[in-house]
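The block underneath contains the structure these notes are about, expressed in structure tokens.
Keep in mind that this is a model prediction, so the values were computed, not measured.
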Amino acid sequence: MLDEKMEQALNDQLNAEMASGYLYLSMATYLEDKELPGFANSLRVHAEEELEHAMKFYDYILRKDGSVVLQAIDTPKREWDTIVDIYKEILEHEELVTSLIHELVDLSIELKDHATNQFLQWFVEEQVEEEELAHDDLRKVKMSIDSPQLLYLLDEEYGQVTNNSENTSEE
Ligand code: OFO
């Protein structure tokens with residue numbers, strides 16, 4: 001049984017994960033339009049991973065006999081000035097999501113909800129990885145911005161990105 005406050009907070013996070021996926025998918029479509037299919041691929045994969053995160057919340061709420069309440073997803077931004085701006089926004093967005101996850105953990109401690117606290121630990125670690133990856137991507141994109149050759153190579157590299165969690169039951 002979930003505390004009402006926790007049920008609401010988990011539903012809000014389910015929505016936030018969906019919104020992350022929507023934002024990254026919007027970035028992917030923008031990059032497709034800019035003829036950067038590799039970059040677009042990696043953000044499309046990232047969007048799929050965000051939907052998987054949302055489904056983890058969905059499943060957990062149901063397992064705890066709670067009610068899933070789907071909310072409207074904000075229309076994502078569609079234009080950016082440069083690719084660097086996209087990757088800066090990804091980093092800022094992931095830092096925001098980290099703070100949301102930490103607020104959920106704080107709530108689980110306040111409510112002495114040990115099960116939810118344990119469920120959330122996967123996301124605490126995931127956010128460390130997400131921010132690490134976002135920093136790394138931003139560094140690479142900044143280096144490639146004045147070099148069409150590097151940009152091309154990076155686009156090739158990102159074109160190889162696949163969703164590793166698709167074939168595992170864990171992720
Ligand atoms: Fe769900 O980790 Fe990014 O936002």
Show, in sequence, the C-alpha distance, side-chain angles and deciding distance for Asp136 and Lys140, and conclude whether the salt bridge (Lys or Arg N to Asp or Glu O under 4.0 Å) test is met.
CA-CA 6 Å; Asp136 197 44; Lys140 287 180 182 168; 3.7 Å; yes
Will you find, in the side chains of His46 and Glu50, an N or O donor that is under 3.5 Å from an N or O acceptor?
yes
Determine whether a donor-acceptor pair (N or O, by modelled atom type, separation under 3.5 Å) exists between the side chain of Asp74 and the backbone of Ala19.
no
Indicate yes or no: does Glu89 engage Lys77 in a salt bridge with an N to O separation below 4.0 Å.
yes
Determine whether Lys64 and Glu7 satisfy the following criterion, salt bridge (Lys or Arg N to Asp or Glu O under 4.0 Å), listing intermediate values before the conclusion.
CA-CA 9 Å; Lys64 293 291 289 179; Glu7 185 181 72; over 6 Å; no
One pair to check against salt bridge (Lys or Arg N to Asp or Glu O under 4.0 Å): Glu110 and Lys5. What are the steps and the verdict?
CA-CA 11 Å; Glu110 185 191 314; Lys5 224 164 141 189; 3.4 Å; yes
Got a sec, which pairs hit ring pair (Phe, Tyr, Trp, His ring centres under 6.0 Å) with one end in residues 137-163, sequence neighbours left out?
Phe39-Tyr158
For Met1, the hydrophobic cluster (side chain heavy atoms closer than 4.5 Å, chained through members) also holds none
Test side-chain hydrogen bond (donor to acceptor under 3.5 Å, both in side chains) on Asp12 and Gln8; report intermediate values, then the result.
CA-CA 6 Å; Asp12 289 348; Gln8 176 68 49; 2.9 Å; yes
Short question: side chain of Ser26, backbone of Tyr22 - any donor-acceptor pair under 3.5 Å?
no
Is the side chain of Gln121 donor-acceptor paired with the backbone N or O of Asn117 at a distance under 3.5 Å, no angle test?
yes
Do Gln160 and Asn41 pair up side chain to side chain, a donor and an acceptor below 3.5 Å, judged on atom types alone?
no
Presence of salt bridge, Glu48 and Arg44, under 4.0 angstrom:
yes
